[in-house]
A.B. asks: 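There's a structure below that I have some questions on.
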Amino acid sequence: MKYPMNEALTIGAKFPNFELPDHTGAVYKLFHLLHGFPGVLIFSRGHFCPKDRRQMSNYVQYLQPEFRVNYCHMVTVSVDDSLTTREVRDQLNADWTFLCDSDRKLLHELEMVDSTDPVHGEIYIPYTFILDRDLTIYKIYNGWWYLGRPTVDEIRLDLRELMSRRQDWVYSAAK
């Protein structure tokens, strides 16, 4: 399926190793945030979107406790400034990394521009990417409609598939 975004962003391709500040101003590259494990990369419309808040609330309630023990990571990117991003993150009680693209540079590089909102300007089309540990795109969810966003169970299954590809997925005693 062809999605309205940069044509290089396809399943099997490497996601760009972009660099953005987080809600505290610290700058991170995507690869370093995944720590060599699969991850979930969420592009958020912004603080005002009730669909984003519902999606993130589900992840906080059900996935966040599991992410603490399953080695995988979540990263959210939005066009909100650092203060707003920090407030959203705190309000959700989320502990994963939220990155700020307030100058919208990455938004335009990735060509994920939603320009239908006359109040908030250009924002991200709400995509969620499931990435393998080397930033290879495993799956793309287009969340324009809320039902297009990945459920907790879909994320679990996607990450299980990626983790099961590891050589150490099954315990084997040293001989």
A.B. asks: Side chains of Tyr62 and Ile155: closer than 4.5 Å at any heavy-atom pair?
C.D. replies: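 No. Closest side-chain heavy atoms not under 4.5 Å.
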A.B. asks: For a side-chain contact (heavy atoms from CB on, under 4.5 Å) with Lys14, tell me which candidate from Leu131, Asp132, Thr136 qualifies.
C.D. replies: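 So, applying the side-chain contact (heavy atoms from CB on, under 4.5 Å) to Lys14 and each of Leu131, Asp132, Thr136, only Thr136 qualifies.
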A.B. asks: For Arg133, which residues count as a side chain to side chain donor-acceptor pair (under 3.5 Å) partner, sequence neighbours excluded?
C.D. replies: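 With neighbours one apart ignored, the set is empty.
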A.B. asks: Identify the heavy atoms of Cys72 and Phe67 that sit nearest to each other, and give their distance.
C.D. replies: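 Closest approach of Cys72 to Phe67, heavy atoms only: O-CD2, 3.1 Å.
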A.B. asks: Relative to each other, are the rings of Phe15 and Phe129 parallel, tilted or perpendicular (30° and 60° limits)?
C.D. replies: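 Perpendicular.
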A.B. asks: Side-chain heavy atoms nearer than 4.5 Å, only ILVMFWY residues, links allowed to pass through others: does that put Ile140 and Val113 together?
C.D. replies: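 Looking at the clustering, Val113 is in the same group as Ile140.
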A.B. asks: Locate the shortest heavy-atom distance separating Met74 from Leu63; write the atom from each residue and the value.
C.D. replies: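 Answer, listing the atom of Met74 first, then Leu63: CE-CB, 4.3 Å.
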A.B. asks: Rounded to the nearest 0.5 Å, what separates atom CG in Leu99 from atom OG in Ser82?
C.D. replies: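 Between atom CG of Leu99 and atom OG of Ser82 there are 12.0 Å.
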A.B. asks: At their closest point, which heavy atom of Thr151 faces which heavy atom of Glu154, and how far apart are they?
C.D. replies: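 Closest approach of Thr151 to Glu154, heavy atoms only: N-OE1, 2.8 Å.
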A.B. asks: His47 pairs by side-chain hydrogen bond (donor to acceptor under 3.5 Å, both in side chains) with which of Thr84, Asp81, Asp80?
C.D. replies: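 It is Asp80; the other options fail the test.
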A.B. asks: Below 30° counts as parallel, above 60° as perpendicular, anything between as tilted: where do the rings of Tyr59 and Trp96 land?
C.D. replies: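 It falls in the tilted class, 30° to 60°.
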A.B. asks: Of all the heavy-atom pairs spanning Leu92 and Arg53, show the shortest one and how long it is.
C.D. replies: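 Reported closest heavy-atom pair: CD2-O, 4.0 Å.
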A.B. asks: Could you report the tightest heavy-atom contact between Arg45 and Phe48, atom names first, then the distance?
C.D. replies: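 Arg45 and Phe48 have their closest heavy atoms at O-CE2, 3.5 Å.
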A.B. asks: Would you call Tyr124 and Val79 a side-chain contact if the rule is heavy atoms closer than 4.5 Å?
C.D. replies: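 Result yes, sub-4.5 Å side-chain heavy-atom pair found.
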A.B. asks: Between atom OH of Tyr127 and atom CE of Met5, what is the distance when rounded to the nearest 0.5 Å?
C.D. replies: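 Rounded to the nearest 0.5 Å, the OH-CE separation comes out at 4.0 Å.
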A.B. asks: I need the minimum non-hydrogen distance between Pro150 and Gln55, along with the two atoms involved.
C.D. replies: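 Closest pair (atom of Pro150, atom of Gln55, distance): CD-NE2, 4.1 Å.
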A.B. asks: Just wondering, are more than 12 heavy atoms of other shown residues or ligands nearer than 6.0 Å to CD in Glu66?
C.D. replies: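 Enclosed: over 12 neighbouring heavy atoms sit under 6.0 Å from CD of Glu66.
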A.B. asks: Take Arg166 and Asp168, measure what salt bridge (charged side-chain N to carboxylate O under 4.0 Å, His left out) needs, and give me the verdict at the end.
C.D. replies: CA-CA 5 Å; Arg166 294 177 56 95; Asp168 61 355; 2.9 Å; yes
A.B. asks: Do other residues, nucleotides or ligands put more than 12 heavy atoms under 6.0 Å from Tyr71 OH?
C.D. replies: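 It does not: Tyr71 OH has 12 such atoms or fewer within range.
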A.B. asks: Would you say CZ of Arg160 has more than 12 non-hydrogen atoms from neighbouring residues, nucleotides or ligands within 6.0 angstrom?
C.D. replies: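 Incorrect, the count does not exceed 12.
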A.B. asks: Within a reach of under 6.0 Å around CH2 of Trp145, are more than 12 heavy atoms found that belong to other residues, nucleotides or ligands?
C.D. replies: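 Open: at most 12 neighbouring heavy atoms sit under 6.0 Å from CH2 of Trp145.
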A.B. asks: In Å, rounded to the nearest 0.5 Å, how long is the span from CG of Asp22 to CG of Leu33?
C.D. replies: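 That separation rounds to 8.5 Å.
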A.B. asks: With heavy-atom distances below 4.5 Å as the criterion, would you say the side chains of Val88 and Met56 are in contact?
C.D. replies: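 They are not in contact (no side-chain heavy atoms under 4.5 Å apart), so the answer is no.
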A.B. asks: Heavy-atom distance under 4.5 Å between the side chains of Phe37 and Met163, does that happen here?
C.D. replies: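 They are in contact (side-chain heavy atoms under 4.5 Å apart), so the answer is yes.
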A.B. asks: Can you tell me how far CG of Leu20 sits from CZ of Phe98, rounded to the nearest 0.5 angstrom?
C.D. replies: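 Nearest 0.5 Å value for the CZ-CG distance: 14.0 Å.
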A.B. asks: Roughly how far apart are Asp90 CG and Asp95 CG, rounded to 0.5 Å?
C.D. replies: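 Going from the CG atom of Asp90 to the CG atom of Asp95 covers 11.5 Å.
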A.B. asks: Does any donor atom in the side chain of Asp52 or Ser44 lie under 3.5 Å from an acceptor atom in the other side chain?
C.D. replies: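 A donor-acceptor contact under 3.5 Å links the two side chains.
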A.B. asks: Indicate yes or no: at least one non-hydrogen side-chain atom of Asp114 is less than 4.5 angstrom from one of Pro4.
C.D. replies: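 The answer is no; the side chains never approach within 4.5 Å.
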A.B. asks: Nearest 0.5 Å, please: how far is CG in Leu107 from CZ in Phe43?
C.D. replies: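 Spacing of CZ (Phe43) from CG (Leu107) equals 9.0 Å.
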